[in-house]
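Structure, as structure tokens:
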Protein chains: 2
Amino acid sequence: MNAQSMPMTVRPEDERATLSEVLRGHGVGPTHQRIEIARALFSRMTHLSADQVLAAVNQRHAETSKATVYNTLKLFVEKGLVREVIVDPTKVFYDPNTSPHHHFYDVETGEITDIDGDRISILGLPALPEGKVAAGIDLIIRVRGAA
Amino acid sequence: MNAQSMPMTVRPEDERATLSEVLRGHGVGPTHQRIEIARALFSRMTHLSADQVLAAVNQRHAETSKATVYNTLKLFVEKGLVREVIVDPTKVFYDPNTSPHHHFYDVETGEITDIDGDRISILGLPALPEGKVAAGIDLIIRVRGAA
DNA sequence: GGTGAAGTTAGACAGAGTCCAATTCTTATC
DNA sequence: GATAAGAATTGGACTCTGTCTAACTTCACC
Ligand SMILES: [Mn+2]
Ligand SMILES: [Mn+2]
Ligand SMILES: [Zn+2]
Ligand SMILES: [Zn+2]
């Protein structure tokens, strides 16, 4: 499931039911907190830090603790619902887009932008180190505002 | 300057004089602490975290504070003596190899290995976002021990 | 409705990195 | 070589991200 496959507008209770199914489909038991965290990520379809998720989820009423946000994000990563993006030395970002893709990263503003994965090809990669297996390829184009 | 351009064996006082010149050549005033930090990086030619630099420099006698290590590494990055490598969400690594190159990163052991930059080509990159200028391209191949 | 497992939580804790005012070095000049 | 002014270093307090734990709550199932 991804955000594009959801209708543009949904009744809130339908959205929560849909998210429940998505979670179940990935082997994650749906709870109130997990659904809200999933909603924060999938409704925005942007790259959010744990702190931003925590703030988003507790916008209206305090609903979810810091510990649960961290527990849940780790669980979502394990279950393949979201992906970690490591570009900023101070915090991890969580990416609801799990299709293979790369990133622009503005080192001044912190803005992260997707680069479609299937337009890019990387040639000339050497063999992996002996006994190692690939776990992911991250391409980050660091940019800044023109001088 | 890089480690390869130095003779295999040097008298310690020659090595320090050489490093002094390297620092001056990059607009960095040489001090005891900066020379020791440069030596830690350039004599090993590996990717070290700030903590590892601190430990290396204080191996024999306590010579350098944590604050100075951080100050100095930041200065070295600004002056182009070393480069930051951002692959581990918990700490920055400092890379004395400033020629364009990429990295294998073992997510289990933390080991970082260089990939020669001029064997790699990356095709199909989209135009940079409007008004932005490239600041660097980081390609990280994440690996782990075969399952 | 009762029971055990799964999930949540406050708050203590750890580690990386920053900051500051006081002190010590470096370097240029005499 | 002594002097003085600017540059660099320092301990330690502080911030921030993330982890951990033991108590508590909720959920699934009978
Ligand atoms: Mn950090
Ligand atoms: Mn961190
Ligand atoms: Zn993305
Ligand atoms: Zn390297």
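Chain A is the first sequence line, chain B the second, and so forth, proteins listed ahead of strands; every chain is numbered from 1. Since this is a predicted model, take the numbers as computed values, not measurements.
The separation between A:Ile86 atom CD1 and D:dT17 atom P is 16 Å, rounded to whole Å. What separates NZ of A:Lys91 from C1' of C:dG15 is a distance of 17 Å, to the nearest Å. Between the P atom of C:dG17 and the CG atom of B:Leu75 lies a distance of 17 Å, rounded to the nearest Å. Rounding to whole angstrom units, CD1 of residue A:Ile37 and C1' of C:dG7 are separated by 11 Å. A:Leu73 has its CG atom 15 Å from the P atom of C:dG7, to the nearest Å. Distance CG (A:Leu54) to C1' (D:dC16): 13 Å, rounded to an integer number of Å. For B:Leu23 and D:dA8, the CG to P distance is 12 Å, given to the nearest whole Å. The distance from atom CD of A:Glu84 to atom C1' of D:dG18 is 12 Å, rounded to the nearest whole Å.
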Protein proximity profile, nucleotides 19-30 of chain D - base contact B, sugar-phosphate-only contact S, no contact -, cut-off 4.0 Å on heavy atoms
BB----------
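With respect to the salt-bridge test (charged N to carboxylate O, under 4.0 angstrom), the residues A:Arg144 and A:Asp106 do not qualify.
One hydrophobic cluster holds both B:Val28 and B:Val22 under the rule that ILVMFWY side chains link at heavy-atom gaps under 4.5 Å.
Residues satisfying the ring pair (Phe, Tyr, Trp, His ring centres under 6.0 Å) criterion with B:His47, sequence neighbours excluded, are B:His103. Every residue two or more places apart in sequence or in another chain was checked for a ring pair (Phe, Tyr, Trp, His ring centres under 6.0 Å) with A:His32, and none qualifies. Remark: B:Arg34 engages no residue in a salt bridge (charged side-chain N to carboxylate O under 4.0 Å, His left out) (not counting sequence neighbours).
When the nucleotides D:dG11, D:dA8, C:dG7 are ranked by their closest atom to the side chain of A:Arg34, C:dG7 comes out on top. Distance from the side chain of B:Thr68 is smallest to D:dT9 among C:dT9, D:dT9, D:dT17.
At a threshold of 4.0 angstrom between heavy atoms, the contacts of B:Thr64 are confined to the sugar-phosphate backbone, with no base atom among them.
Alongside A:Ile115, the hydrophobic cluster contains A:Phe104, A:Ile120, A:Ile122, A:Leu125, A:Leu128, A:Ile137, A:Leu139, A:Ile141, A:Val143, B:Phe104, B:Ile115, B:Ile120, B:Ile122, B:Leu125, B:Leu128, B:Ile137, B:Leu139, B:Ile141, B:Val143 (criterion: ILVMFWY side chains under 4.5 Å). Connectivity analysis of hydrophobic side chains (ILVMFWY, heavy atoms under 4.5 Å, direct or indirect) links B:Leu123 to A:Leu123. As a member of the Ile/Leu/Val/Met/Phe/Trp/Tyr network built from side-chain separations under 4.5 Å, B:Tyr105 groups with A:Val85, A:Val87, A:Phe93, A:Tyr105, A:Val107, A:Ile112, A:Ile140, B:Val85, B:Val87, B:Phe93, B:Val107, B:Ile112, B:Ile140.
Rounded to 10 degrees, the angle between the two end axes of the helix from C:dG1-D:dC30 to C:dC30-D:dG1 is 30°, with five pairs used at each end.
Phosphate proximity of D:dT10 to B:Gln33: present, with a side-chain N or O under 4.0 Å from OP1 or OP2.
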Review item, side-chain donor-acceptor pairs of residues 74-82 of chain B, under 3.5 Å, at least two apart:
none

